[in-house]
Amino acid sequence: SIGAGQETESVEVPIWTRVAYILGLRVSPTYRRMGVGLRLVKAMEEWCQGQGAEYVYIATEMNNEASI
C-alpha cells in the first residue's frame, strides 16, 4: 500500500487498440483440405499486423469444423 507522501510511477495505459476483423474467407471446393485457407489466413494476419493491428479476428460458421 502507498502511504501519504509517497510517489508512484505513472504508467500510461492506452484506451484503444487496433483490431482487424476478417469476414468472408472462402476457398474453392477444388482446393479445400490442401492448406490454402491456412496460408491465406496467415498472410492476412501478417498484413494486418504490418498495418498496426494488435489483434486479428476471423468469423466463421459454428458448423464449419474445417475452419476451426
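The structure displayed is predicted, hence computed values, not measured ones.
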Around atom CD of Gln51, are there more than 12 heavy atoms of other residues, nucleotides or ligands at under 6.0 Å?
yes

Taking all non-hydrogen atoms of both residues into account, name the closest pair between Met34 and Arg39 and its distance.
O-NH1, 3.5 Å

Given the rule that I, L, V, M, F, W and Y join up when any side-chain heavy atoms are under 4.5 Å apart, are [X] and [Y] in one cluster?
X     : Y     : value
Val27 : Leu38 : no
Val36 : Ile22 : yes
Val41 : Tyr31 : yes
Leu23 : Ile58 : no

When rounded to the nearest 0.5 angstrom, what distance separates CG in Leu25 from CG in Leu40?
5.5 Å

How far does CZ of Arg26 sit from CZ of Arg32, to the nearest 0.5 angstrom?
9.0 Å

